[in-house]
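All ligand and atom numbering here is 1-based and tracks the order in the structure. Predicted, not measured: the structure shown is a model, and the values here were computed from it. Index from 1, following the sequence.
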Amino acid sequence: MRTQVAIIGSGPAGLLLGQLLHKAGVETVILERKSKDYVLSRIRAGVLEQGTVNLLAEAGVDARLRAEGLSHEGFALGFANRRLRIDLKDLVGKVVTVYGQTEVTRDLMAAREAAGLVTIYEADDVALHDFDGACPRVTWTESGRAQELACDFIAGCDGFHGPSRASLPEGSLQTFERVYPFGWLGVLADVPPCSHELIYAGHDRGFALCSMRSPTRSRYYVQCGADEDLSAWSDERFWDELRARLDPEAAAHVVTGPSIEKSIAPLRSFVAEPLRFGRLFLAGDAAHIVPPTGAKGLNLAASDVHYLAQGFAEHYGERSSAGLDGYSARALARIWKAERFSWWMTSLLHRFADQNSFDRRMQEAEFIYLEGSRAARTALAENYVGLPY
Ligand code: FAD
Ligand code: DHB
């Protein structure tokens, strides 16, 4: 088998890249380790920047998003029983769209299928070869049988634990990392949200986030220990803990019900540099991780893919290598800004085990500064809606 661009991973990065390249007339094959149903069962991000929405429109997959996505003109920060609204529309003239990553993935998969493009699910032992030369290859096994795909380029969109970044020779990457000593316990439930906008709450008991998927489906998170046992968290314990971390009005509006999904995600900041090795390019979580406070993970994957798709389109359309040559530096410039913002929001709102009373006062002072300064709120809003591409 042969294609122009072999894409490893059918998460949002791989699928969006496939769709943008299809629009540009570039052939792709996607190789995915898991089944389609498994990929669609993962509950992850929920907030899309306008830039991501625009890219999904460019890819031709925004019909359901436009009909079902919830446009949010603001969100709230909670701190010690107070709540501060960040009015995105007023501060920076932009909004965000609440639409789950699962739905983005579903829409992209449907468009790929409708266009008759090839995705190979349940591809085992995916391995990347010869990307430092002119003729890269990808091999895998399918129902025990060895398979091979020859290609011009490989796009590593296989997430943090995938084989793309791991295939690089020792010493060719510089990595930067912070692992946070806590995780987020997330619950999805078919209950109306406690607030029509998101609430990011910092509390002495730890962080909590109130989010949603629709007017009848809520997504909530509470900060928990990094190694906590999920079975120790009954629904009842989760709802009690959530309410304890919210201001009284929000807590009074929490409607409880049985969880339909419950999982713990670790928190990490990570960047690998550079993003290109010969004919292999890294994009999305394969190249970087942000802690979820600030909702940047999926949106960063989208901006990487935008730069990369432009590079491939220039290579095939205009026979220019400028876009591919500039990809790593261009993407990293935006990645580091999102890393800074996600780290800052995480530091502001979480409880750290080694925090002393001075550190707590610094968090409080930051919140009070935001309350009193339009300039500070504007900087927060500008980052939350997404910095320009
Ligand atoms: P992924 O979505 O990870 O997709 C990579 C794909 O590659 C996967 O389908 C994987 O199965 C596949 N793959 C892996 N290994 C192989 C292999 N060997 N062969 C072939 N395919 C392979 N962001 C937020 O903004 N808010 C959140 O609440 C949030 N929650 C998250 C919770 C969890 C548990 C995780 C892991 C991430 C979360 N994120 C969140 C981050 C966000 O979901 C990611 O930034 C986003 O999914 C990145 O997309 P991606 O396509 O780069 O990677
Ligand atoms: C959601 C997740 C986030 O990390 C975030 O910052 C906002 C919303 C969500 O899952 O809805």
Hey, is ligand 1 close enough to [X] that some N/O pair sits below 3.5 Å?
| X | answer |
| --- | --- |
| Ala123 | no |
| Gln101 | yes |
| Arg42 | yes |
| Trp184 | no |
| Ala13 | yes |

Numbered atoms and elements of ligand 1 in range of [X], under 4.0 angstrom, heavy atoms:
| X | answer |
| --- | --- |
| Leu31 | 20 (C), 21 (N) |
| Gly284 | 52 (O) |
| Gly297 | 25 (O), 45 (O) |
| Gly162 | 15 (N) |
| Cys157 | 5 (C), 6 (C), 7 (O) |
| Pro163 | 15 (N), 16 (C), 17 (C), 18 (N) |
| Leu298 | 45 (O) |
| Gly159 | 3 (O), 5 (C), 53 (O) |

Which residue holds the protein heavy atom closest to [atom], what is that atom called, and what is the gap in Å?
| atom | answer |
| --- | --- |
| atom 8 (C) of ligand 2 | Ser211 OG, 3.5 Å |
| atom 22 (C) of ligand 1 | Arg33 CB, 3.7 Å |
| atom 25 (O) of ligand 1 | Ala45 CB, 3.3 Å |
| atom 4 (O) of ligand 1 | Gly11 CA, 3.4 Å |
| atom 10 (O) of ligand 2 | Tyr221 OH, 2.6 Å |
| atom 7 (C) of ligand 2 | Tyr200 OH, 3.2 Å |
| atom 34 (C) of ligand 1 | Ala265 CB, 3.8 Å |
| atom 10 (C) of ligand 1 | Glu32 OE2, 3.5 Å |

Do [Y] and [X] meet the salt-bridge criterion of a basic N to acidic O distance under 4.0 Å?
| X | Y | answer |
| --- | --- | --- |
| Glu197 | Arg83 | no |
| Asp325 | Arg276 | yes |
| Asp158 | Arg33 | no |
| Arg205 | Glu241 | yes |
| Lys296 | Glu49 | yes |

Quick one: does Tyr221 get within less than 4.0 Å of ligand 1, heavy atoms only?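 Distance cut 4.0 Å: Tyr221 passes for ligand 1.
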
Using a 4.0 Å heavy-atom cut-off, which part of Arg44 comes near ligand 2: side chain, backbone, both, or neither?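 Near ligand 2, Arg44 shows its backbone, while the atoms from C-beta on stay back.
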
Going by atom types only, do [X] and [Y] share a side-chain donor-acceptor pair under 3.5 Å?
| X | Y | result |
| --- | --- | --- |
| Ser35 | Asp37 | no |
| Gln50 | Asn54 | yes |
| Tyr221 | Arg219 | yes |
| Asp304 | His288 | yes |
| Asp107 | Tyr99 | yes |

Check ligand 2 against [X] and write out every atom of the ligand that is under 4.0 Å from a heavy-atom position of the residue.
| X | value |
| --- | --- |
| Val47 | 7 (C), 8 (C) |
| Trp184 | 4 (O) |
| Leu198 | 7 (C), 8 (C) |
| Arg219 | 10 (O) |
| Pro292 | 3 (C), 4 (O), 5 (C), 6 (O) |

So with a 6.0 Å cut-off around CZ of Phe160, is the heavy-atom count from everything else above 12?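 Yes, because the 6.0 Å sphere around CZ of Phe160 holds more than 12 heavy atoms from other groups.
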
For atom 37 (C) of ligand 1, which candidate among Lys34, His161, Arg44, His288 provides the closest heavy atom? Arg44

May I ask you to check whether [Y] and [X] place their ring centres under 6.0 Å from each other?
| X | Y | result |
| --- | --- | --- |
| His306 | Tyr389 | yes |
| Phe277 | Phe131 | no |
| Phe281 | Phe312 | yes |

Leu209 near ligand 2, heavy-atom distance under 4.0 Å?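 Contact check Leu209 vs ligand 2: positive.
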
Mind checking whether Lys296 has a heavy atom under 4.0 Å from ligand 2?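 Contact absent.
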
If the plane angle is over 60° it's perpendicular, under 30° parallel, otherwise tilted; pick one for Trp233 and Phe238.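 Rings of Trp233 and Phe238: perpendicular, over 60°.
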
Name the orientation class of the two ring planes belonging to Phe176 and Trp336 (parallel below 30°, tilted from 30 to 60°, perpendicular beyond 60°). perpendicular

Spacing of OH belonging to Tyr180 relative to OG1 belonging to Thr346, to within rounding of 0.5 Å: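 Rounded to the nearest 0.5 Å, the OH-OG1 separation comes to 5.0 Å.
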
Report the part of Asp285 (side chain from C-beta onward, or backbone N, CA, C, O) that has a heavy atom under 4.0 Å from ligand 1; answer both or neither where that applies. both

Do Leu91 and Arg374 have side-chain heavy atoms sitting under 4.5 Å apart?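 Touching, per the 4.5 Å side-chain cut-off.
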
